[in-house]
Amino acid sequence: MINATARTRAAAQPRRTAIRPTASANNAHVLATRVVPPVIPKIFVYDHCPFCVRVRIALGIKNVKHELIFLANDDVATPTSLVGKKVAPIMLISGQLVMNESLDIVKYFDERPEYGPTGAIKPKSDREDIKAWQKKVQTLLRLLHRPRYMLSPGFPEFQQADSRDYFVAGHQLPPYEKADWKANLSLDQKWTLYKQAYESTPELLPDLNAALWELEQLIYSEYCCTEGGISMDDIDLAARLRSVTLVRGAQFGPKTVAYLKNIEKLADIPMYFKMAL
């Protein structure tokens with residue numbers, strides 16, 4: 001495991017320190033105060049995982065100081081010892097609580113005043129357009145993201161060959177279904193398909209960029225994707241878009257770029273623009 005103490009923001013009882021701007025339901029630039037709980041929450045994550053990123057964005061918005069623990073991708077023992085299975089994210093408040101499921105963790109922190117003003121993150125809207133966009137690009141993004149996770153040296157969970165092999169063995173590429181991928185292909189064959197998917201980037205980029213232009217029209221503003229302020233829509237969308245910033249040649253619209261940059265500052269979680277390949 002690789003430990004990193006995470007910086008973030010919001011308001012709370014124990015210690016309060018004014019810091020960078022964060023969002024409220026009505027204002028994307030309200031100066032929040034930092035929450036330093038008596039017991040610092042530990043968040044076990046994979047850096048690439050959008051479900052883990054949901055929790056990190058939420059803790060950033062609320063400015064809750066927490067400790068990030070990056071699990072190796074082939075570490076089965078640690079998460080199993082905590083929650084009985086290999087999953088992430090996992091939240092541990094020593095002596096008090098262990099929890100998995102990203103949205104449950106987000107809800108936990110946003111409902112308790114000891115972690116800053118409650119309701120800082122508005123509920124998920126009923127927008128079907130963003131949901132339809134995500135479904136439309138799912139296959140395309142798997143072909144673009146998954147090979148890059150393996151090629152980039154920047155992911156703590158993939159620093160060793162065993163961790164990369166574990167990921168490739170269990171994460172199928174289209175058009176394979178997971179059961180077929182696991183049962184009928186050797187590890188060498190799977191690595192060959194990952195290599196071919198990466199090499200197909202020039203053929204995939206036009207579809208990606210067309211989709212990103214469609215997304216530009218769906219994002220409400222540079223501060224939030226849905227009118228009314230930061231919401232669970234942003235927690236989900238920004239977490240998924242973060243991986244798209246790993247793709248060199250991805251042409252985000254200006255509003256989308258500004259949106260991602262604002263989320264990056266707000267949540268204190270870097271996008272992958274500088275790592276793109």
Side-chain angles (χ1 to χ4, degrees), residues 1-4 6 42-57 67-92 98-105 134 137-201 204 236 239-248 269-272 275-277:
M1 296 183 294
I2 301 173
N3 292 0
K42 295 181 178 182
I43 311 296
F44 295 79
V45 299
Y46 306 122
D47 191 72
H48 76 281
C49 168
F51 306 109
C52 299
V53 176
R54 285 174 175 175
V55 174
R56 295 172 65 185
I57 291 175
E67 181 182 0
L68 284 178
I69 301 173
F70 293 101
L71 296 164
N73 192 69
D74 64 331
D75 180 355
V76 178
T78 300
T80 302
S81 70
L82 291 168
V83 296
K85 55 185 176 180
K86 184 185 183 297
V87 294
I90 298 170
M91 179 264 284
L92 170 65
V98 180
M99 181 183 293
N100 61 299
E101 297 295 341
S102 61
L103 297 182
D104 291 343
I105 298 171
Q134 290 176 341
V137 299
Q138 183 182 58
T139 295
L140 173 65
L141 294 186
R142 282 183 177 176
L143 289 167
L144 288 164
H145 294 166
R146 290 182 173 178
R148 284 169 168 78
Y149 297 152
M150 298 300 94
L151 290 169
S152 172
F155 290 96
E157 61 266 41
F158 298 130
Q159 290 301 301
Q160 295 178 301
D162 285 346
S163 294
R164 296 190 292 274
D165 285 344
Y166 190 98
F167 184 88
V168 170
H171 290 78
Q172 77 277 15
L173 293 177
Y176 289 91
E177 296 297 330
K178 179 169 285 191
D180 189 25
W181 181 267
K182 288 187 173 183
N184 297 319
L185 294 173
S186 69
L187 183 60
D188 285 344
Q189 289 173 317
K190 293 171 184 177
W191 271 110
T192 296
L193 291 169
Y194 265 64
K195 180 175 183 289
Q196 290 173 351
Y198 177 73
E199 291 173 348
S200 70
T201 297
L204 300 174
D236 186 55
R240 295 177 188 275
L241 288 180
R242 183 173 181 245
S243 286
V244 186
T245 66
L246 190 60
V247 181
R248 182 178 296 164
I269 178 171
M271 298 294 163
Y272 295 135
M275 291 170 51
L277 70 159

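We count residues from 1, following the sequence as given.
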Worksheet item: Can Lys190 and Asp165 be counted as an ion pair, charged N to O under 4.0 angstrom?
Response: no
Discussion item. Side chain to side chain contact (heavy atoms under 4.5 Å, CB included) for Asp236 and Arg54? Distances and angles first, verdict last.
Written reply: CA-CA 6 Å; Asp236 186 55; Arg54 285 174 175 175; 2.8 Å; yes
Discussion item. Looking at every non-hydrogen atom in both residues, tell me the closest pair between Ser163 and Glu157 and how far apart they are.
Written reply: CB-O, 3.1 Å
Worksheet item: Is it true that atom NZ of Lys42 has more than 12 heavy atoms of other residues, nucleotides or ligands lying nearer than 6.0 Å?
Response: no
Worksheet item: Closest approach of Asn184 and Gln189, non-hydrogen atoms and distance?
Response: O-OE1, 4.0 Å
Discussion item. Please report whether the ring centroid of Tyr149 lies less than 6.0 Å from that of Tyr194.
Written reply: no
Worksheet item: Between the side chain of Lys86 and the main-chain N/O of Asn73, is any donor-acceptor distance below 3.5 Å?
Response: yes
Worksheet item: Is the side chain of Ser200 donor-acceptor paired with the backbone N or O of Ala197 at a distance under 3.5 Å, no angle test?
Response: yes
Worksheet item: Pro79 pairs by side-chain contact (heavy atoms from CB on, under 4.5 Å) with which of Asp75, Val76, Leu82?
Response: Asp75
Practice prompt. Working to the nearest 0.5 Å, report the span between CZ of Phe155 and CZ of Phe70.
Written response: 10.5 Å
Worksheet item: Take atom CD in Glu177; do more than 12 heavy atoms of anything else shown fall under 6.0 Å from it?
Response: no
Worksheet item: Does the side chain to side chain contact (heavy atoms under 4.5 Å, CB included) test come out yes or no for Phe51 and Arg240, once each step is laid out?
Response: CA-CA 8 Å; Phe51 306 109; Arg240 295 177 188 275; 4.2 Å; yes
Practice prompt. Please round to the nearest 0.5 Å and tell me the distance separating atom CD1 of Ile269 and atom CG of Asp47.
Written response: 6.5 Å
Worksheet item: Taking Arg146 for the side chain and Gln172 for the main chain, is one N or O donor matched with an acceptor at less than 3.5 Å?
Response: yes
Item to complete: Please round to the nearest 0.5 Å and tell me the distance separating atom CE of Met91 and atom OG of Ser102.
Response: 12.0 Å
Fill in: Side-chain donor/acceptor of Arg248 to backbone N/O of Ala276, under 3.5 Å
yes
Worksheet item: Is a side-chain donor or acceptor of Arg148 paired with a backbone partner of Leu144 at a separation under 3.5 angstrom?
Response: yes
Fill in: Pro50 backbone acceptor or donor facing Arg242 side chain under 3.5 Å
no
Discussion item. Looking at Glu101 and Pro89, would you say the former's side chain and the latter's main chain have a donor-acceptor pair under 3.5 Å?
Written reply: no
Item to complete: Could you walk me through whether Met150 and Tyr198 pass the side chain to side chain contact (heavy atoms under 4.5 Å, CB included) test, one step at a time?
Response: CA-CA 10 Å; Met150 298 300 94; Tyr198 177 73; over 6 Å; no
Practice prompt. Would you indicate whether Gln160, at its atom CD, is surrounded by more than 12 heavy atoms from other residues, nucleotides or ligands within a distance under 6.0 Å?
Written response: no
Fill in: Distance, nearest 0.5 Å, that separates CG of Leu185 from CG of Leu193
6.5 Å
Worksheet item: How long is the span from the CG atom in Leu173 to the CZ atom in Arg142, to the nearest 0.5 Å?
Response: 9.0 Å
Worksheet item: Does the side chain to side chain contact (heavy atoms under 4.5 Å, CB included) test come out yes or no for Val55 and Val45, once each step is laid out?
Response: CA-CA 9 Å; Val55 174; Val45 299; over 6 Å; no
Discussion item. As an exercise, state the distance from CD1 of Ile69 to CG of Leu92, rounded to the nearest 0.5 Å.
Written reply: 7.5 Å
Discussion item. Quick check: closest heavy atoms across Phe44 and Ala88, and the distance to 0.1 Å?
Written reply: O-CB, 4.0 Å
